**Student:** 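Mind looking over this structure? Questions follow.
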Amino acid sequence: MVSAEALGDAIDREVKEGLAYMFWGRLVALGTLALGAVLAVPLDRSGLYVAAIVAFGLLNALSFGLARSSRFATVATWSFVVIDAAILTYIFVTPSPFAVEGWTSQLNLRLPNFLYLGVFLVSMALTYSPALVVWSGAVTIVVWTIAYCWVATRPDSIAYGRDLLDGGLSDAEIIALVLDPRSVSLINLSYQTMFLVLVTIILAIAVWRSRRLVRKQVAAEAQRSALSRYFSPNIVRELSSGTSGFGEPSLQTAAILFADMVGFTRISEGLAPEDLVKLLKEYHARLATVAFAHGGTVDKYIGDEIMVHFGTPRPRKDDAARALACARDMLEQVRQWNEQRLASGEYPIEVGIGVHYGEVIVGNIGDERRLEYTVLGDTVNVASRLERLTRKIGTSLAISEDLLIAARAQSATNLAPTIEELQADQMHFVRGRRRPIVVWYLPRAHKQERRGVASRRQHSVPSQSKQVDRILPVTGTTTFDISKRLPPP
């Protein structure tokens, strides 16, 4: 999980990146102003104005360079805010060198130049620092107020405020006073100050809220990342959706898949603990990746066994088809992995997969102190027994006819080659279950195992008595016709 210190460092880096955005944005704005001045006014009259713009750009470059330094970053950033505000205010108050003859500083106060101070404040929001926004707003208000009052208190200025209408002047005299080039309105100063205050507050709140939102999103993502280490992605999405959990256990239809490494006991005996853990991690990671790709929920790892269910936490129309496709792709993943292991001189890995489809109890199981989201019921037991049956049949995949019928109905095209390869085995009884089940398996995988791993079969397959203890075939021979049992595609 991301620590508060690491998150703070990341935000500090964003603040520095914001200074870069602000610097380049100002350069573009200054270049546009300089180009506009040259095109609008002859260079002999606009040269001083362009020089001031260039000087301001160089000053910003110096400020940006010092701000990038870890030693002078804070001092330079905050100090140059004062310098920038002072220079901008001086430019806005002082008459332009290419202004008409007789233009005064008092007239400058009536121009919309003041709005550029608002742009200056808005640009500070790019720093992503609420404190810097507040500092810039306070400095701008103070500097502009000082400059405005300096112009208003000049000997040639005529300042007026809210008492203008109470001074006993006629309407004509009031209009003449307002239009006088030497007059300065203190009412405008109060409006402008209020404008800067509001802009500063709004920007500071916006930047603060954006930082707060980033912290929340990072914390939520860190939480999801932590949950994903223990839960499947679909469970994480459900837990992160704001609901209070999954509610009471309920009965629904789902497909259950068990995959187990064949001969794991023998393998573990010959491996060092760290090598065994490494093998299990890679084995689990490969099968879990396939399960997640098909929208499955990895329920648990039981040693070398992985349990996956499809249709949780919310049922879907193709749960059985996705379970069969997942089993097929797990076998392909193991085959590719074995090619890599054989190429590096390591022994291949065998896997047995059992899949069943039916009703299960889904929900939180346990007490208030320790809850586990899982599935229970006869369907789970049958899927586990099918996985054990793969050793007896001599195949890597054994599924129930219930799953095959449902998968055939749900996906007639994507799984057609896999379904055509399946063959029916005998009808089997599952220990603790009265009704027998019809088992289908992949004979091609069986043949490949006979050719490639016959020498290892004596070590990896449990004894016949242990197999019978779990699943017993019915006495006699049963013939199955797939065209009669399965619905047409």
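Here, residue 1 is the first one in the sequence, and each next residue gets the next number. Everything numeric in this text was worked out from a predicted model, so none of it was measured.
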**Student:** Mind checking what makes side-chain hydrogen bond (donor to acceptor under 3.5 Å, both in side chains) contact with D180, not counting sequence neighbours?
**Tutor:** R182
**Student:** Taking side-chain contact (heavy atoms from CB on, under 4.5 Å) as the definition, give me every residue that meets it alongside R341, ordered by chain and number, with sequence neighbours left out.
**Tutor:** L279, W337, N338, E346, Y347, I349
**Student:** The criterion is side-chain contact (heavy atoms from CB on, under 4.5 Å); which residues satisfy it with T289, sequence neighbours excluded?
**Tutor:** none
**Student:** Scan residues 192-204 for pairs that pass side chain to side chain donor-acceptor pair (under 3.5 Å), counting only residues two or more places apart or in two chains.
**Tutor:** W144-Q192
**Student:** Looking at A85 and V143, what are the two nearest heavy atoms and their distance?
**Tutor:** O-CG1, 3.8 Å
**Student:** For the backbone of T153 and the side chain of S157, can you confirm whether one donor and one acceptor N or O come within less than 3.5 Å of each other?
**Tutor:** no
**Student:** So which heavy atom on G352 is nearest to which on E387, and how close?
**Tutor:** O-CG, 3.3 Å
**Student:** Do W135 and V81 come close enough that some side-chain heavy atom pair is under 4.5 Å?
**Tutor:** yes
**Student:** What distance separates F92 CZ from L117 CG, expressed to the nearest 0.5 Å?
**Tutor:** 5.0 Å
**Student:** Applying salt bridge (Lys or Arg N to Asp or Glu O under 4.0 Å), can you list everything that pairs with E359, at least two apart in sequence or on another chain?
**Tutor:** none
**Student:** Just checking, is any N or O donor in the side chain of R110 or S183 under 3.5 Å from an acceptor N or O on the other one?
**Tutor:** yes
**Student:** Show me the side-chain donor-acceptor pairs of residues 319-331 shorter than 3.5 Å, one per line, residues at least two apart or across chains.
**Tutor:**
unit_1, atom_1, unit_2, atom_2, d
D319, OD1, G311, N, 3.4
D319, OD1, R316, N, 3.3
D319, OD1, R322, NH2, 2.4
D319, OD2, R316, N, 3.0
R322, NE, D318, OD1, 3.1
R322, NH1, H294, O, 2.7
R322, NH1, G295, O, 3.2
R328, NH1, N414, O, 3.4
D329, OD2, H294, NE2, 2.6

**Student:** Do L109 and N188 have side-chain heavy atoms sitting under 4.5 Å apart?
**Tutor:** no
**Student:** Check step by step if salt bridge (charged side-chain N to carboxylate O under 4.0 Å, His left out) holds for E274 and K278.
**Tutor:** CA-CA 6 Å; E274 57 273 14; K278 179 181 178 182; over 6 Å; no
**Student:** Kindly compute the distance separating OG1 (T312) from CG (D299), expressed to the nearest 0.5 Å.
**Tutor:** 8.0 Å
**Student:** CZ of F114 to OH of Y191: how many Å apart, nearest 0.5 Å?
**Tutor:** 13.5 Å
**Student:** Once you round to the nearest 0.5 Å, how far does CG of L189 lie from OH of Y148?
**Tutor:** 6.0 Å
**Student:** How far does CG of L257 sit from OG of S384, to the nearest 0.5 angstrom?
**Tutor:** 11.0 Å
**Student:** Distance from L287 atom CG to Q333 atom CD, nearest 0.5 Å?
**Tutor:** 7.5 Å
**Student:** Is any side-chain heavy atom of K300 less than 4.5 Å from a side-chain heavy atom of T374?
**Tutor:** yes
**Student:** Apply salt bridge (Lys or Arg N to Asp or Glu O under 4.0 Å) to K281 and list each qualifying residue two or more places apart in sequence or on a separate chain.
**Tutor:** none
**Student:** Restricting to side-chain hydrogen bond (donor to acceptor under 3.5 Å, both in side chains), what partner residues turn up for Q340, sequence neighbours left out?
**Tutor:** R286
**Student:** How would you list, by chain and number, every residue that makes a ring-ring contact (aromatic ring centres under 6.0 Å, His included) with Y283, sequence neighbours excluded?
**Tutor:** none
**Student:** Would you indicate whether the side-chain heavy atoms of V360 and L376 approach each other to under 4.5 Å?
**Tutor:** no
**Student:** To check you understand the geometry: which heavy-atom pair defines the closest contact between T379 and Y357, and what is its length?
**Tutor:** CG2-C, 4.0 Å
**Student:** Tell me, which pairs form a salt bridge (charged side-chain N to carboxylate O under 4.0 Å, His left out) where one or both residues lie in residues 134-143, sequence neighbours left out?
**Tutor:** none
**Student:** Restricting to non-hydrogen atoms, name the atom on A204 and the atom on P130 that form the minimum distance, rounded to 0.1 Å.
**Tutor:** O-CB, 4.0 Å
**Student:** Does any non-hydrogen side-chain atom of V380 lie less than 4.5 Å from one of H309?
**Tutor:** no
**Student:** I'd like to know whether L186 forms a side-chain contact (heavy atoms from CB on, under 4.5 Å) with Y160, so could you lay out the CA-CA distance, the side-chain angles of the two residues, the decisive distance to 0.1 Å, and finally the verdict.
**Tutor:** CA-CA 6 Å; L186 298 180; Y160 63 90; over 6 Å; no
**Student:** Decide yes or no for F310 and T297: does some side-chain heavy atom of the first lie under 4.5 Å from some side-chain heavy atom of the second?
**Tutor:** no
**Student:** Using side-chain heavy atoms (C-beta onward) and a distance below 4.5 Å, is R154 in contact with S105?
**Tutor:** yes
**Student:** State whether the side chain of N108 and the backbone N or O of T94 hold a donor-acceptor pair below 3.5 Å, judged by distance alone.
**Tutor:** yes
**Student:** Please enumerate all residues that pass side-chain contact (heavy atoms from CB on, under 4.5 Å) together with V199, with sequence neighbours excluded.
**Tutor:** L121, F195, L203
**Student:** Determine whether L111 and L107 make a side-chain contact, defined as any pair of heavy atoms from C-beta on separated by less than 4.5 Å.
**Tutor:** no
**Student:** Taking side-chain contact (heavy atoms from CB on, under 4.5 Å) as the definition, give me every residue that meets it alongside T265, ordered by chain and number, with sequence neighbours left out.
**Tutor:** E269
